2 protein chains.
Amino acid sequence: MRVSAKADYAVRAAAELAASPDGPVKGERLADSQDIPLQFLEHILLDLKHSGIVRARRGAKGGYWLAKPAEEVSIAEVIRAVEGPIAHVQSAPPESITYTGSAKELQNVWIAVRASLREVLESTSLADLVSGELPEHVRELADDKDAWQPR
Amino acid sequence: MRVSAKADYAVRAAAELAASPDGPVKGERLADSQDIPLQFLEHILLDLKHSGIVRARRGAKGGYWLAKPAEEVSIAEVIRAVEGPIAHVQSAPPESITYTGSAKELQNVWIAVRASLREVLESTSLADLVSGELPEHVRELADDKDAWQPR
DNA sequence: GATTCTGCTGACCGATTTGATCGCGAAATA
DNA sequence: TATTTCGCGATCAAATCGGTCAGCAGAATC
C-alpha cells in the first residue's frame with residue numbers, strides 16, 4: 001500500500017503541465033522545476049502520452065502539454081497511467097477474488113479500500129491540485145489533525 | 001497502491017485465528033484452510049508474533065492464537081505488521097514530504113489518501129471481518145455498485 | 001538540404017522486493 | 001527419548017523499482 005516514485009513524479013509533472021496552459025513545455029523544464037531525473041521523467045511522460053493524458057511534439061519549440069483541460073484529468077487517471085489499476089490484491093482486481101471460510105468478508109473490505117481511494121483520487125483533478133482548491137471531502141480528510149500523525 | 005500477497009495472507013490467517021477462539025491452532029491448519037504455502041505463512045505468523053498480534057507455543061499441542069480479543073485487532077495493524085507503514089510515498093511518510101511549485105498541494109492529497117485508507121482499515125476489526133458485520137461506512141463503500149466496477 | 005533541437009523507444013543495469021523453499025535448531029509434549 | 005511444532009536465518013528465482021544510455025525519428029531553423 002505505498003505510492004511509488006513513478007506515480008509521485010507523474011502527478012507532479014502533470015501538475016506542472018496543468019499550471020502552464022499555453023504551448024508545449026520541454027521535458028527538461030518539467031524535470032528541473034520538479035527535480036525529477038530527466039530521462040526517467042521522459043519514460044513517465046511517454047506513459048502519460050500513451051494513455052491519452054498528454055500530447056507532445058518533437059523538435060525545436062517542442063514539448064509536452066495536457067491533452068484535456070486540467071479540470072477533466074483526475075489524479076487517479078495519472079496514477080493508473082503509470083502504475084496500472086489502483087488497489088489490486090495479489091495482482092488481481094478485488095472483484096474477481098473469492099475468499100473462503102473466515103475470510104469470506106475480506107473481498108468486501110478490499111472493495112471498500114479501493115472505493116475509498118477512488119473517492120479521493122478520482123474526485124481531485126489537476127486543476128484542483130494546482131489551484132489548491134481540493135474537493136471538500138478531500139480537504140476534510142487532510143485537515144483532520146489525526147491524519148498527520150505517523151503510525 | 002496494491003495489496004501484496006503477504007498482507008492478504010496475513011489478514012486471512014488472522015481471521016482464521018479470530019474464528020478459532022479456543023486454544024492454539026497449528027500453522028498447518030491455517031495454511032490448509034486458507035490455502036497458503038505453509039513455510040511462507042510461518043514467516044508471516046512470525047511477523048505477527050513480533051508485533052504482538054499473535055502468540056505461539058511449540059511442540060505437540062502447540063500452535064498460534066491471537067494475543068488480544070479479535071475486537072481489538074484492526075486489519076490495519078495486521079497489514080502494518082507485515083508491510084510496514086500504510087501509504088508511504090517514495091518510502092517516506094507523507095507528512096515528512098514538502099513539494100514545491102505547482103505540486104505544493106500534493107502533500108495534502110497524500111495525507112487524505114492515507115486518512116481514507118485508515119478510515120477503512122483501522123475501523124474494521126478481525127471480529128467484524130469474521131462476523132460479517134462491517135462498520136457502517138465500510139459497508140456503504142462496499143455496497144456501492146460502482147465500487148465493484150473495474151477500471 | 002543540413003543542422004539542431006527535442007521527443008521516442010528499447011536495451012540495459014544494480015538494488016531491492018516479492019513470494020517462496022530449505023534446513024536446522026529450540027521448545028513443548030508424550 | 002522421541003515426536004511434534006514453532007523460530008529463524010540462508011538462499012533463491014523472478015519481478016519490480018528507480019534510473020541511465022544510446023540511437024532513432026520528427027519538427028523547426030538556417
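Just so it is clear, the values below take in all heavy atoms, side chains as well, and ignore hydrogens, waters and symmetry mates. Chain identifiers are assigned alphabetically (A, B, ...) following the order of the sequence lines, protein sequences preceding nucleic acid strands; residue numbering begins at 1 within each chain. Quick caveat, the model's predicted, so the values are computed rather than measured.
Residues B:Glu83 and A:Arg2 are not paired through a salt bridge, judged by the lack of any N-O separation under 4.0 Å between the basic side chain and the carboxylate. Ion pairing between A:Arg139 and B:Glu105 holds under the 4.0 Å rule for side-chain N and carboxylate O. A salt bridge links B:Arg151 and B:Asp146; the closest N-O separation between the charged side-chain nitrogens and carboxylate oxygens is under 4.0 Å.
In this entry the distance linking CD of A:Glu28 with P of C:dC5 reads 11 Å, nearest Å. Between the C1' atom of C:dG19 and the CD atom of B:Glu83 lies a distance of 13 Å, rounded to the nearest Å. When rounded to the nearest whole Å, the span between CG of B:Leu48 and P of D:dC6 equals 14 Å. Rounded to an integer number of Å, the gap from B:Lys26 NZ to D:dG7 P is 15 Å. Rounding to whole angstrom units, CG of residue B:Leu41 and P of D:dC6 are separated by 9 Å. When rounded to the nearest whole Å, the span between CG of A:Leu46 and P of C:dG10 equals 8 Å. The nearest whole Å value for the distance from the CZ atom in A:Phe40 to the C1' atom in C:dC12 is 14 Å. Atom CG of B:Asp47 is separated from atom P of D:dG7 by 11 Å (rounded to the nearest Å).
Taking only side-chain nitrogens and oxygens, A:Lys49 comes nearer than 4.0 Å to OP1 or OP2 of C:dC8. Listed pair B:His50 / D:dC8 meets the phosphate criterion, a side-chain N or O lying under 4.0 Å from OP1 or OP2.
Between the side chains of B:Ser116 and A:Glu119, no donor N or O sits under 3.5 Å from an acceptor N or O. If you check the side chains of B:Glu16 and A:Ser102, you find a donor sitting under 3.5 Å from an acceptor.
For B:Glu133, the CD atom is loosely surrounded, since the number of other residues' heavy atoms within 6.0 Å does not exceed 12.
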When you check every protein heavy atom under 4.0 Å of nucleotides 22-30 of chain C, what one-letter string (B, S, -) results, 5' to 3'? B--BBBBS-
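Note that CD of A:Glu140 is 11.5 Å distant from CG of A:Leu134, once rounded to the nearest 0.5 Å.
Residues from residues 5-14 of chain A placing a heavy atom under 4.0 Å of any atom in DNA chain C do not occur.
Shortest non-hydrogen contact noted between B:Arg118 and B:Arg80 is NE-NH2, 4.1 Å.
Nucleic acid contact class of B:Arg55 (heavy atoms, under 4.0 Å, all strands): none. Residue contacts for A:Arg29: at a heavy-atom cut-off of 4.0 Å it reaches no nucleic acid atom on any strand shown.
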